[in-house]
Number of protein chains: 2
Amino acid sequence: MSVGHTEVTTEPVVSCGDEHEDCGIREVLDRIGDKWSVLVVVELAQGVRRFRQLQRAVPGISQRMLTLTVRRLERDGLITRTVYPTVPPQVEYELTAMGHSLTHLVKALADWSSEHRGVISRARQEWDAEHPDSGIR
Amino acid sequence: MSVGHTEVTTEPVVSCGDEHEDCGIREVLDRIGDKWSVLVVVELAQGVRRFRQLQRAVPGISQRMLTLTVRRLERDGLITRTVYPTVPPQVEYELTAMGHSLTHLVKALADWSSEHRGVISRARQEWDAEHPDSGIR
DNA sequence: CAGGATCCGCTAAGATACTG
DNA sequence: CAGTATCTTAGCGGATCCTG
């Protein structure tokens with residue numbers, strides 16, 4: 001076995017050898033990679049929430065987007081939607097068991113983010129300084 | 001303290017109490033939540049790759065999208081771009097240390113995905129059956 | 001309160017052609 | 001090979017109005 005060749009390749013953590021090409025990563029990202037899903041999930045991690053409560057908890061989200069977001073999360077079995085036939089109507093959203101398990105993943109994301117936020121920010125500034133008008137942003 | 005009130009609230013895994021509102025989750029998702037970044041990172045987790053190698057390894061990506069993707073990853077300090085002034089030109093992309101750490105996160109995503117893929121798929125079929133023409137997909 | 005229905009602008013992303 | 005430049009399109013997401 002030849003030495004001298006300094007190729008590190010730090011052990012393939014993701015070999016992606018299971019599926020035809022992309023693991024199932026894209027499947028997850030297609031669900032939580034959008035603008036709002038994670039924020040809704042994070043809020044629901046605190047407990048049961050009603051529609052308006054969610055909208056207030058996630059500033060900037062429109063009714064339309066909130067509706068679409070909770071519908072998709074419900075469709076995937078990540079949250080439940082309970083309608084109480086009162087007047088005025090009352091609808092409660094709650095994480096399912098799977099939804100809660102997703103919460104752990106979100107925490108991993110948050111942890112990684114807070115750990116590297118500074119480094120990324122500095123790398124970005126440096127890159128922007130070296131590439132003044134690159135169009136990238 | 002009253003009992004009787006069955007509110008579970010299964011321990012807030014993500015309390016999100018650090019930042020003003022959304023933790024740093026969106027920051028990560030804005031980087032890897034797009035259509036291609038993760039796939040490129042996964043491929044680079046195998047080792048150093050050249051431009052065309054990456055494009056072949058990620059079927060369906062266009063030159064333009066690959067360029068944009070690697071530029072952004074480079075800007076964020078997740079990969080390095082090394083140009084060898086040969087002819088024809090040769091450019092090598094490689095994960096940085098931070099890029100490799102991101103790899104662990106991606107593995108967590110892949111694991112969660114493969115664990116729940118079945119459940120999600122079934123939940124989705126059931127939902128679609130109950131809501132024939134809802135517009136959601 | 002909890003949404004459904006519309007209209008509409010913006011940008012991400014694909015296709016194509018060209019360059020050092 | 002490794003890109004850049006340009007054009008075009010799809011659809012995400014915002015705003016607004018309306019209903020049970």
Side-chain angles (χ1 to χ4, degrees), chain A residues 22 26 29-40 43-44 48-76 79-94 127 130-137, chain B residues 22 26 29-40 43-44 48-76 79-94 127 130-137:
Chain A
D22 76 359
R26 282 250 44 88
L29 289 175
D30 284 344
R31 294 304 127 182
I32 67 165
D34 70 288
K35 201 175 177 182
W36 304 109
S37 294
V38 173
L39 302 178
V40 170
E43 178 60 23
L44 286 178
V48 179
R49 292 291 185 272
R50 298 175 53 174
F51 192 85
R52 290 287 166 191
Q53 273 185 298
L54 278 176
Q55 190 170 12
R56 276 187 293 267
V58 184
I61 196 173
S62 63
Q63 296 142 334
R64 182 178 127 82
M65 278 302 104
L66 182 54
T67 301
L68 286 176
T69 302
V70 293
R71 282 295 176 287
R72 287 197 274 250
L73 291 175
E74 189 201 359
R75 180 168 109 101
D76 289 350
I79 69 177
T80 59
R81 175 173 177 272
T82 314
V83 182
Y84 296 96
T86 60
V87 45
Q90 176 169 346
V91 179
E92 288 185 346
Y93 295 94
E94 187 173 15
W127 199 92
E130 292 172 10
H131 308 260
D133 47 339
S134 58
I136 311 289
R137 280 303 120 87
Chain B
D22 75 1
R26 281 249 47 86
L29 289 175
D30 284 344
R31 295 303 126 183
I32 68 164
D34 71 288
K35 200 174 178 183
W36 304 110
S37 294
V38 173
L39 302 179
V40 170
E43 179 59 23
L44 286 178
V48 179
R49 291 292 185 274
R50 297 175 53 174
F51 191 85
R52 289 288 166 189
Q53 273 185 299
L54 279 177
Q55 190 170 11
R56 278 188 291 267
V58 184
I61 195 173
S62 63
Q63 298 142 332
R64 183 179 125 80
M65 277 302 104
L66 182 53
T67 302
L68 286 176
T69 302
V70 292
R71 283 293 176 288
R72 287 196 273 249
L73 291 174
E74 189 200 358
R75 182 169 107 101
D76 289 350
I79 69 177
T80 59
R81 176 174 176 273
T82 313
V83 182
Y84 296 96
T86 61
V87 44
Q90 177 169 348
V91 179
E92 287 185 349
Y93 294 94
E94 187 175 13
W127 199 93
E130 292 172 9
H131 307 260
D133 48 338
S134 58
I136 310 288
R137 281 303 117 91

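When reading the values below, keep in mind they use all heavy atoms of this one structure, side chains included, and skip hydrogens, waters and symmetry mates. Chain identifiers are assigned alphabetically (A, B, ...) following the order of the sequence lines, protein sequences preceding nucleic acid strands; residue numbering begins at 1 within each chain.
Minimum heavy-atom separation, A:Leu73 to A:Val40: CD1-CG1, 3.9 Å. Residues A:Ile61 and A:Val58 come closest through the heavy atom pair CG2-O, 3.1 Å. Nearest heavy-atom pair, B:Arg81 versus B:Val83, reported as atom, atom and distance to 0.1 Å: NH1-CG2, 3.6 Å. Looking at every heavy atom in both residues, A:Trp36 comes nearest to A:Thr69 through CB-OG1, 3.8 Å. Residues B:Leu39 and B:Lys35 share a closest heavy-atom pair of CD1-O, 3.9 Å.
The CG atom of B:Leu66 sits 17 Å away from the C1' atom of C:dT16 (whole-angstrom rounding). Summarising the geometry, the separation between CD on A:Gln55 and C1' on C:dC1 is reported as 11 Å, rounded to the nearest angstrom. Distance, B:Leu39 CG to C:dA13 P: 12 Å, rounded to whole Å.
Note: B:Glu74 CD to A:Ile136 CD1 = 9.5 Å, rounded to the nearest 0.5 Å.
When DNA chain D is scanned 5' to 3' for any atom under 4.0 Å from a heavy atom of chain A, the first and last hits are D:dG13 to D:dG20.
Nearest-nucleotide positions on DNA chain D place A:Trp36 closer to the 5' end than the other of A:Pro88 and A:Trp36.
The main-chain N or O of A:Arg52 is never found under 3.5 Å from a side-chain atom of A:Gln55 such that the two would form a donor-acceptor pair.
Ion pairing between a basic and an acidic side chain is recognised when a charged N comes within 4.0 Å of a carboxylate O; A:Arg49 and A:Glu92 show no such pairing.
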Filtered N/O pairs between nucleotides 2-5 of chain C and protein, under 3.5 Å:
unit_1, atom_1, unit_2, atom_2, d
C:dA2, OP1, A:Arg50, NE, 2.9
C:dA2, OP1, A:Arg50, NH2, 3.4
C:dA2, OP2, A:Arg52, N, 2.7
C:dA2, N7, A:Arg52, NH2, 3.2
C:dG3, OP1, A:Arg71, NH2, 3.3
C:dG3, OP1, A:Arg81, NE, 3.2
C:dG3, OP1, A:Arg81, NH2, 2.4
C:dG3, OP2, A:Tyr93, OH, 2.4
C:dG4, OP1, A:Arg71, NH2, 3.3

